[in-house]
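These notes concern the structure reproduced below.
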Amino acid sequence: QVQLVESGGGLVQTGGSLRLSCAASNPTFSTYAMAWFRRAPGKERAFVARINRSNDSIAYTDSVKGRFTISRDNADNVVYLQMNSLKPEDTAVYFCNYVARGTLYAPAFNSWGQGTQVTVSS
């Protein structure tokens with residue numbers, strides 16, 4: 001059973017910061033790359049950031065480069081997303097998932113958490 005619990009979202013003003021957390025229950029967490037995704041109002045879920053198993057390979061979608069930082073703690077099975085300089089266009093529900101092996105950020109499982117809402121006011 002894959003269980004993912006996202007938290008840390010909220011309402012912030014433009015330029016503010018939030019730190020999202022994703023707690024994973026799968027005991028093989030440390031063997032997977034992990035990724036954050038987001039679904040903005042009226043849009044499909046989209047890739048945001050990816051981190052490999054050993055924290056030494058990271059990728060971001062262009063729109064968040066220089067503002068967001070992904071990290072992970074394999075001891076606690078948690079992946080984080082530090083979001084700085086937030087913009088209204090970052091407003092979305094944020095999700096995490098395991099990354100399918102051999103892919104850049106394709107979700108490994110069809111099971112998703114409830115996500116955490118991030119709202120950035122202008």
Side-chain angles (χ1 to χ4, degrees):
Q1 181 74 15
V2 174
Q3 186 172 10
L4 298 161
V5 180
E6 299 91 350
S7 61
L11 172 64
V12 296
Q13 293 184 332
T14 297
S17 298
L18 286 171
R19 189 192 194 205
L20 307 184
S21 300
C22 169
S25 63
N26 193 315
T28 61
F29 173 85
S30 64
T31 70
Y32 281 88
M34 296 294 294
W36 283 95
F37 303 83
R38 65 186 178 186
R39 185 173 63 224
K43 295 187 178 180
E44 296 292 319
R45 186 155 37 206
F47 167 75
V48 175
R50 174 197 193 272
I51 187 167
N52 72 338
R53 296 174 295 175
S54 52
N55 278 300
D56 58 8
S57 177
I58 290 173
Y60 298 96
T61 192
D62 286 346
S63 62
V64 308
K65 286 180 180 177
R67 301 188 298 120
F68 290 12
T69 303
I70 187 172
S71 61
R72 66 189 293 166
D73 183 338
N74 287 338
D76 290 335
N77 285 12
V78 181
V79 60
Y80 301 99
L81 187 68
Q82 177 67 43
M83 305 187 298
N84 299 327
S85 301
L86 282 162
K87 304 175 180 180
E89 51 264 42
D90 295 318
T91 294
V93 180
Y94 285 72
F95 304 86
C96 67
N97 212 325
Y98 301 81
V99 176
R101 303 188 195 285
T103 74
L104 181 60
Y105 54 79
F109 303 102
N110 289 324
S111 177
W112 294 84
Q114 82 288 349
T116 186
Q117 176 71 49
V118 171
T119 303
V120 185
S121 63
S122 57

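By convention here, the first residue in the shown sequence is residue 1.
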- Query: Do Val64 and Leu18 belong to the same hydrophobic cluster, where Ile, Leu, Val, Met, Phe, Trp and Tyr are linked whenever their side-chain heavy atoms lie under 4.5 Å apart, directly or via other members?
  - Reply: yes
- At what distance, to the nearest 0.5 angstrom, does CD of Gln13 lie from CG of Leu86? 11.5 Å
- Does the Thr14 side chain pair with the main chain of Ser121, one donor and one acceptor, at a distance under 3.5 Å? yes
- Query: Do Val99 and Phe109 belong together in a cluster built from hydrophobic side chains that touch within less than 4.5 Å?
  - Reply: no
- Roughly how far, to the nearest 0.5 Å, is the CG atom of Leu81 from the CZ atom of Arg38? 9.0 Å
- How about Asn77 and Ser25: do any of their side-chain heavy atoms sit closer than 4.5 Å? no
- Task: Output the distance between atom CZ (Phe95) and atom CG (Leu20), rounded to the nearest 0.5 Å.
- Result: 11.5 Å
- d(Asp76 CG, Ser30 OG) to nearest 0.5 Å is 12.0 Å
- Query: So, Arg50 side chain and Ala33 main chain: donor-acceptor pair closer than 3.5 Å or not?
  - Reply: no
- Answer with yes or no whether the hydrophobic clustering places Tyr105 together with Ile51; edges join I, L, V, M, F, W, Y residues whose side-chain heavy atoms lie under 4.5 Å apart. no
- Item | Any side-chain heavy-atom pair of Thr91 and Gln117 under 4.5 Å | yes
- Arg53, CZ: over 12 other non-hydrogen atoms inside 6.0 angstrom: no
- Query: Do Arg72 and Phe29 meet the cation-pi criteria used here (NZ or CZ under 6.0 Å from the six-membered ring centre, within 45° of the axis)?
  - Reply: yes
- Does the cation-pi check pass for Arg45 over Trp112, that is, NZ or CZ under 6.0 Å from the six-membered ring centre and within 45° of its axis? yes
- Electrostatic pair Asp62:Lys65 at N-O distance under 4.0 angstrom: yes
- Query: Does Tyr80 have Arg19 sitting over its ring (NZ/CZ under 6.0 Å from centre, angle to axis within 45°)?
  - Reply: yes
- Message: Can you give me the closest heavy-atom contact between Cys96 and Val79, atom names plus distance?
- Response: CB-CG1, 4.3 Å
- Task: Rounded to the nearest 0.5 Å, what's the gap from OG1 on Thr116 to OH on Tyr94? Could you check?
- Result: 10.5 Å
- Between Gly115 and Val93, the two heavy atoms sitting closest are CA-CG1, 3.8 Å
- Asp90 and Met83, any side-chain heavy atoms less than 4.5 Å apart: no
- Working to the nearest 0.5 Å, report the span between CZ of Phe68 and OG of Ser17. 9.5 Å
- Message: Taking CG in Asn110 as the centre, count heavy atoms belonging to other residues, nucleotides or ligands within less than 6.0 Å. Is the count above 12?
- Response: no
- Message: Would the distance check show the side chain of Tyr60 and the main-chain N or O of Ile70 forming a donor-acceptor pair, the cut-off being under 3.5 Å?
- Response: yes
- Find out whether Tyr98 and Met34 are in side-chain contact, i.e. whether some heavy atom of one side chain is under 4.5 Å from a heavy atom of the other. yes
- Query: Honestly curious: do Phe47 and Leu4 fall in one hydrophobic cluster under the side-chain, below-4.5 Å linking rule?
  - Reply: no
- Identify the two heavy atoms, one from Asn52 and one from Asp56, that lie closest to each other, and give their separation to 0.1 Å. ND2-OD1, 2.6 Å
- Message: When you measure from the side chain of Gln114 to the backbone of Val5, do you find a donor-acceptor pair of N or O atoms at a distance under 3.5 Å?
- Response: no
